[in-house]
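All residue numbers in this chain count up from 1 along the given sequence.
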Amino acid sequence: MPPPVQHLHQKHVLQTVCALEAVVLRTFGPEGGQVLFTRDNGHAMLSRSGTQILTVLRLENPLARMMVECVWKHSGNTGDGSKSFILLLASLLRTIYTAASKEPNVSRVYNSREAAESATARRLADQMLAFALEKLDDLITVALAPYGFRLSAEDLTTSVQSASNSDEIHVELLMTSFFRTRLGCAHCDFMGKLVFKLLCNWNCKNNKCPASDKIRSFQGSVDVNSNSSKSDLCSWPLQFLNDNFPALHTSASGFPVSCSRLIEGQVIHRDFATYFHGNHQHPVKAVVFTISLQPKWLDASDMLEIGNGTHGKSIMHFSAWMESSLEQIFATLQTLGVSILLSAVKQSEAVLTLATQAEMCVVECVDEDELALFLHLSGVSAVSDCQGIQPEHIASLAFCRPILLGAHRYVHVAFPDTREEKPCSIIICGLGEGQTEQYAAAVQDVFRMLRTTWEPLGATVKDPSSIVPGCVIPAGGTFEILLHHALLQHGRSHACSKDIPVVYRLLADALLYFARHIHSNNPRRFLQIQSRVCSFYRNPFHTDGVLCEPEISRANHGEKSSQGVTKPSMNLLSGLESVSCKYHLILSVLQCVKSLLRVDTVLHISTELHPKSLKVNNSSEDED
């Protein structure tokens with residue numbers, strides 16, 4: 001018997017996205033709340049994170065899973081926009097379907113009105129995406145970028161000691177706005193300042209760029225990103241922090257969020273396998289092993305024939321030979337002054353016994369990413385041949401000691417002060433495991449958001465010099481309202497064409513509808529912002545505008561007020577948001593719309609999918 005077939009219509013797609021919209025809308029905007037989920041084990045979880053909310057939903061509808069896959073792909077690249085993705089997707093589909101339903105009559109090519117409307121919706125979606133890919137970056141550059149602030153490289157590379165309010169205020173506003181949408185108002189300022197200090201501590205001098213180094217292999221080889229389009233990003237640690245975040249952060253549940261802090265050096269998330277000697281508080285030397293010091297390819301009772309040069313051959317028990325070999329290895333380590341052994345694998349009891357006798361501390365089964373980071377920061381290589389230990393394998397540490405974080409005991413190491421950057425880790429606290437996971441995910445996502453902020457809007461821009469990386473604009477719907485007016489004005493200039501003005505109008509209407517969602521709990525606030533944006537768009541020099549041109553000029557050129565501090569406009573108190581992130585959001589949503597509208601049939605199968613293969617199967621549904 002053939003599997004059942006379901007023919008999709010416009011209403012099915014719209015109903016699905018509206019169901020997701022109703023879920024995320026409760027947490028959207030400056031006054032959005034949190035969603036309470038109950039897990040199978042009975043634990044409750046509160047969250048404002050759109051990505052986490054969509055992840056925990058048990059979605060059986062293939063269209064819903066397809067939408068969520070698009071959200072994951074977008075947020076994984078930009079670190080932001082999960083809730084905005086769903087809301088803008090719903091707004092675009094509504095405007096497209098409304099326009100498609102106004103077609104005068106059913107075309108002779110189609111046998112029903114529904115088929116004609118579906119074809120019209122596909123055509124409009126294709127035209128909107130084509131416009132966005134070809135002209136949206138130029139339109140944003142000309143119509144919006146001049147009205148925003150530019151975050152300079154110095155805002156992220158200024159050291160903590162020399163940082164002033166003028167250096168950090170715009171970066172902190174951007175990060176605070178991000179954390180407000182993810183974590184709420186209670187701790188957004190605290191987390192913004194903490195992450196800003198983390199970025200400053202990873203500052204590098206002389207325009208070197210360890211921030212863009214990506215540790216690939218276990219031995220610590222790096223691949224330096226030399227893309228010229230991201231030259232400004234090269235001096236910042238954003239890519240480095242994002243790639244190595246699992247090894248650079250430690251979660252500690254059971255503590256208030258305000259207990260989160262920075263800590264010098266690196267935390268290795270393992271405990272000492274041998275007794276810790278207190279003499280490792282001062283400068284020490286460490287070595288990294290990727291193999292077991294005692295091979296296991298023979299049994300202790302086996303006999304071993306050993307060549308002895310001119311003296312012939314000798315036969316001895318393997319256990320005796322291994323004991324002699326281990327003693328030689330530890331004698332070499334003592335000669336080199338090593339007192340800390342970091343191992344990627346579990347070592348034998350004989351190795352631990354000899355290490356204890358030599359007063360060496362062993363940390364075994366260390367995570368591969370943590371060892372790779374340690375090798376990169378220490379500038380040494382791992383030992384892959386125990387008989388060839390050389391000085392280049394020996395790392396110098398400022399100290400090595402145990403550290404208790406929550407209910408776990410870890411190893412804390414620090415590096416000498418002679419380094420140009422200041423390696424540090426971040427301790428992220430939360431009252432429960434779920435809350436701690438949310439804060440950790442938000443911190444990593446803010447690195448992705450900042451990285452996207454400094455990316456150029458397109459690779460196809462006719463005049464790359466006109467693109468200003470690091471452009472931000474006041475939050476609260478300013479971007480959407482400004483782009484709404486720019487689209488309408490640009491559409492009027494192309495009125496001679498038959499279809500292009502419709503595309504401009506549909507995208508403009510969807511953006512305006514999305515902006516209303518931001519202040520759905522306070523419509524009066526939306527009208528006030530819309531009025532001020534319209535006034536500013538007509539006259540940028542008007543004092544009642546969103547931003548005043550003199551204020552923008554002072555911010556971009558580092559001019560200070562009479563008190564010596566660059567002050568933002570009062571309209572910036574609600575925060576800032578990235579223009580580049582908004583641009584990527586529109587492109588991702590339009591691509592998702594095009595994919596959704598190309599699906600016209602769902603084939604239901606009775607075979608249940610294994611949970612582990614669900615994500616793999618979802619990724620192939622876009623092509624099907």
Side-chain angles (χ1 to χ4, degrees), residues 218-220 247-248 250 252 263-295 322-323 325-417 419 423-425 427:
F218 190 70
Q219 283 72 24
L248 283 172
T250 305
I263 187 172
E264 179 185 3
Q266 180 185 0
V267 175
I268 299 176
H269 301 105
R270 298 291 298 179
D271 196 3
F272 290 103
T274 58
Y275 176 75
F276 171 75
H277 302 276
N279 57 352
H280 300 318
Q281 299 285 346
H282 302 291
V284 293
K285 293 184 178 180
V287 65
V288 175
F289 290 95
T290 60
I291 59 175
S292 175
L293 276 69
Q294 182 177 4
M322 191 68 254
E323 182 179 353
S325 177
L326 285 177
E327 290 176 351
Q328 292 178 3
I329 293 174
F330 276 92
T332 302
L333 293 175
Q334 286 181 315
T335 302
L336 295 173
V338 174
S339 56
I340 304 295
L341 277 63
L342 303 179
S343 173
V345 299
K346 185 174 181 61
Q347 299 294 338
S348 64
E349 290 296 330
V351 172
L352 298 181
T353 300
L354 289 176
T356 302
Q357 295 175 356
E359 294 188 351
M360 296 182 184
C361 292
V362 179
V363 185
E364 55 185 3
C365 300
V366 181
D367 183 78
E368 180 177 326
D369 293 335
E370 295 180 16
L371 278 184
L373 177 63
F374 177 88
L375 293 172
H376 174 71
L377 296 178
S378 59
V380 301
S381 57
V383 176
S384 57
D385 182 9
C386 296
Q387 304 300 323
I389 303 176
Q390 302 295 329
E392 56 265 24
H393 297 133
I394 310 303
S396 297
L397 303 177
F399 62 78
C400 177
R401 60 196 178 201
I403 183 173
L404 186 64
L405 296 174
H408 301 280
R409 189 173 183 259
Y410 300 123
V411 175
H412 182 201
V413 298
F415 303 92
D417 295 335
R419 300 180 57 88
C424 66
S425 303
I427 310 299

A.B. asks: To the nearest 0.5 angstrom, please state how far the SG atom of C361 sits from the CZ atom of F276.
C.D. replies: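 The SG atom of C361 sits 6.0 Å away from the CZ atom of F276.
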A.B. asks: Start with the C-alpha gap between L375 and V380, add the side-chain angles, then the distance that decides, and say whether side chain to side chain contact (heavy atoms under 4.5 Å, CB included) holds.
C.D. replies: CA-CA 5 Å; L375 293 172; V380 301; 3.9 Å; yes
A.B. asks: Please walk me through it: do V345 and F289 pass side chain to side chain contact (heavy atoms under 4.5 Å, CB included)?
C.D. replies: CA-CA 8 Å; V345 299; F289 290 95; over 6 Å; no
A.B. asks: Can you check whether Q266's main-chain N or O pairs, donor with acceptor, with E370's side chain at less than 3.5 Å?
C.D. replies: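 Pair absent, no side-chain N/O of E370 close to backbone of Q266.
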A.B. asks: Closest heavy-atom contact between E364 and A273?
C.D. replies: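 Taking E364 first and A273 second, the nearest heavy atoms are OE2-CB, 3.6 Å.
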A.B. asks: For the atom pair CD (Q347) and CG (L326), what is the distance rounded to the nearest 0.5 Å?
C.D. replies: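 Between atom CD of Q347 and atom CG of L326 there are 9.0 Å.
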A.B. asks: Any side-chain heavy-atom pair from S381 and H393 closer than 4.5 angstrom?
C.D. replies: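 SC-SC contact between S381 and H393 confirmed.
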A.B. asks: Measure from the side-chain N and O atoms of T274 to the backbone N and O of V362, and report whether any donor-acceptor pair falls under 3.5 Å.
C.D. replies: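 Yes: the side chain of T274 pairs with the backbone of V362.
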A.B. asks: Once salt bridge (Lys or Arg N to Asp or Glu O under 4.0 Å) is applied, do any residues pair with E264, and if so which ones, sequence neighbours excluded?
C.D. replies: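 Result, salt bridge (Lys or Arg N to Asp or Glu O under 4.0 Å) vs E264: none returned.
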A.B. asks: Nearest heavy-atom pair of S378 and A395: which atoms, and what distance?
C.D. replies: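 Heavy-atom minimum between the residues: CB-CB, 3.7 Å.
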A.B. asks: Going from CG on D367 to NE2 on H269, what distance comes out if it is rounded to the nearest 0.5 angstrom?
C.D. replies: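 These two atoms lie 9.5 Å from each other.
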A.B. asks: Take the angle between the ring planes of F415 and F374 and call it parallel below 30°, perpendicular above 60°, tilted in between.
C.D. replies: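 Judged by the thresholds at 30° and 60°, the geometry between F415 and F374 is tilted.
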A.B. asks: Please answer whether the main-chain N or O of I427 pairs with a side-chain N or O of T250 as donor and acceptor at a distance below 3.5 Å.
C.D. replies: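 Checked: no pair found.
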A.B. asks: How many angstroms lie between CD1 in I263 and CG in L248, if you round to the nearest 0.5 Å?
C.D. replies: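 Separation between the atoms: 12.0 Å.
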A.B. asks: With a 4.5 Å cut-off on side-chain heavy atoms, are Q387 and S325 touching?
C.D. replies: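 Side-chain contact under 4.5 Å: yes.
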A.B. asks: Are more than 12 heavy atoms, taken from residues, nucleotides or ligands other than E349, located less than 6.0 Å from that residue's CD atom?
C.D. replies: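 No - once you tally the heavy atoms of other residues, nucleotides and ligands closer than 6.0 Å, there are 12 at most.
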A.B. asks: Can you measure from CD1 (I268) to CG (L342) and round to the nearest 0.5 angstrom?
C.D. replies: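 Result: 4.5 Å between the selected atoms.
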A.B. asks: Does L333 form a side chain to side chain contact (heavy atoms under 4.5 Å, CB included) with L341? I'd like the steps, not just the answer.
C.D. replies: CA-CA 10 Å; L333 293 175; L341 277 63; 4.1 Å; yes
A.B. asks: In Å, rounded to the nearest 0.5 Å, how long is the span from CZ of R270 to CG of L371?
C.D. replies: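 Here the rounded value is 11.0 Å.
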A.B. asks: Please name all residues satisfying side chain to side chain contact (heavy atoms under 4.5 Å, CB included) with I291, sequence neighbours left out, ordered by chain then number.
C.D. replies: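 Partners of I291 by the side chain to side chain contact (heavy atoms under 4.5 Å, CB included) criterion, ordered by chain and then number, come out as C386.
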A.B. asks: Could you go through the side chain to side chain contact (heavy atoms under 4.5 Å, CB included) check for S348 and L293 one step at a time?
C.D. replies: CA-CA 8 Å; S348 64; L293 276 69; over 6 Å; no
A.B. asks: What pair of heavy atoms forms the shortest contact from F330 to V351, and how long is it?
C.D. replies: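 Looking at all heavy atoms of both residues, the shortest contact is CZ-O, 3.6 Å.
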A.B. asks: Heavy atoms only: give me the nearest L397-A286 pair and the separation to one decimal.
C.D. replies: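 Minimum heavy-atom separation between L397 and A286: CD1-CB, 3.8 Å.
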